[in-house]
Amino acid sequence: MKRHLLLVPFALLSAAPAVAQKSFPEIHPDRTVTFQVKAPGATNVMISLEASASKKSMERDEQGLWRLTIGPLTPNVYAYSVWIDGLRMADLGSPAVKPEPLPLSSMFEIPADKPQIFDYVST
């Protein structure tokens with residue numbers, strides 16, 4: 001029975017991209033990044049980048065969508081977490097979850113003009 005309870009969070013994470021209308025975070029050409037989280041009942045939603053110790057507050061609209069645009073950022077792969085009313089979690093709207101035993105972070109890439117060491121190149 002306990003084994004089934006462990007699978008529920010992973011099932012939710014894998015189903016999230018299929019129901020998302022638009023993939024977030026959205027990477028803009030100027031290397032800014034827009035995050036969006038749907039949490040209509042939340043009172044406080046924040047984003048934290050793993051490279052930074054600080055959290056950035058998101059702004060809520062009338063429909064309960066929380067948004068934040070940051071940057072511009074330097075080209076790199078970034079890991080981030082969403083904090084909803086103090087609870088840290090991966091971004092359920094993002095298809096890129098950081099591979100770890102308990103996924104609490106998502107990932108995104110700011111592309112560079114030239115290939116970087118972390119870019120995948122097929123031949």
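We use all heavy atoms of the structure for the numbers below, so side chains are in, but hydrogens, waters and symmetry mates are not.
Taking hydrophobic clusters as Ile, Leu, Val, Met, Phe, Trp and Tyr residues chained together by side-chain heavy-atom distances below 4.5 Å, Tyr78 shares a cluster with Val82. Residues Ile84 and Leu92 fall into different hydrophobic clusters, defined by Ile, Leu, Val, Met, Phe, Trp and Tyr side chains chained together at heavy-atom separations under 4.5 Å. By the rule that hydrophobic residues join a cluster once side-chain heavy atoms approach within less than 4.5 Å of another member, Leu68 and Met46 end up as members of separate clusters.
Residues Ala39 and Val45 share a closest heavy-atom pair of CB-CG2, 4.3 Å. Considering every non-hydrogen atom in both Pro111 and Arg31, the closest pair reads O-NE, 3.4 Å. Contact between Ala42 and Trp66 at its shortest, heavy atoms only, is O-CZ2, 3.3 Å. Across all their heavy atoms, Lys98 and Glu50 have their closest contact at NZ-OE1, 2.8 Å. Annotation for Ser81 and Leu104: closest pair OG-O, 2.7 Å, computed over non-hydrogen atoms. Considering every non-hydrogen atom in both Glu109 and Ile27, the closest pair reads O-CG1, 3.9 Å.
Side chain of Asn44 to main chain of Asp85: no donor-acceptor pair is present (N/O by atom type, distance under 3.5 Å, no hydrogens or angles).
Considering only heavy atoms from C-beta on, Met107 stays 4.5 Å or farther from Val97 through its side chain. The shortest distance between side-chain heavy atoms of Thr69 and Arg67 does not fall below 4.5 Å.
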Inset, instruction - For side-chain contact (heavy atoms from CB on, under 4.5 Å), just list the numbers for Val33 and Glu26, CA-CA rounded to whole Å, side-chain angles, deciding distance to a tenth of an Å, and then say yes or no. - result: CA-CA 6 Å; Val33 181; Glu26 185 177 0; over 6 Å; no
Inset, instruction - I would like to know whether Ile47 and Lys55 meet side-chain contact (heavy atoms from CB on, under 4.5 Å); could you show each step before the answer? - result: CA-CA 6 Å; Ile47 295 288; Lys55 299 175 194 164; over 6 Å; no
Inset, instruction - Verify side-chain contact (heavy atoms from CB on, under 4.5 Å) between Trp83 and Ser48, making sure each step is shown before the conclusion. - result: CA-CA 8 Å; Trp83 296 78; Ser48 66; 2.9 Å; yes
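Using bins of under 30°, 30° to 60° and over 60° for the plane-to-plane angle, the ring pair Phe108/Phe35 lands in the perpendicular bin.
Checked by atom type, the side-chain pair Thr32/Asp30 shows a donor-acceptor distance below 3.5 Å. Side-chain atoms of Arg88 and Ser105 form a donor-acceptor pair, as typed in the model, at a separation below 3.5 Å.
Expressed to the nearest 0.5 Å, how far CD of Glu59 lies from CG of Leu65 amounts to 13.0 Å. Atom CZ of residue Phe24 and atom OG1 of residue Thr34 lie 7.0 Å apart, to the nearest 0.5 angstrom.
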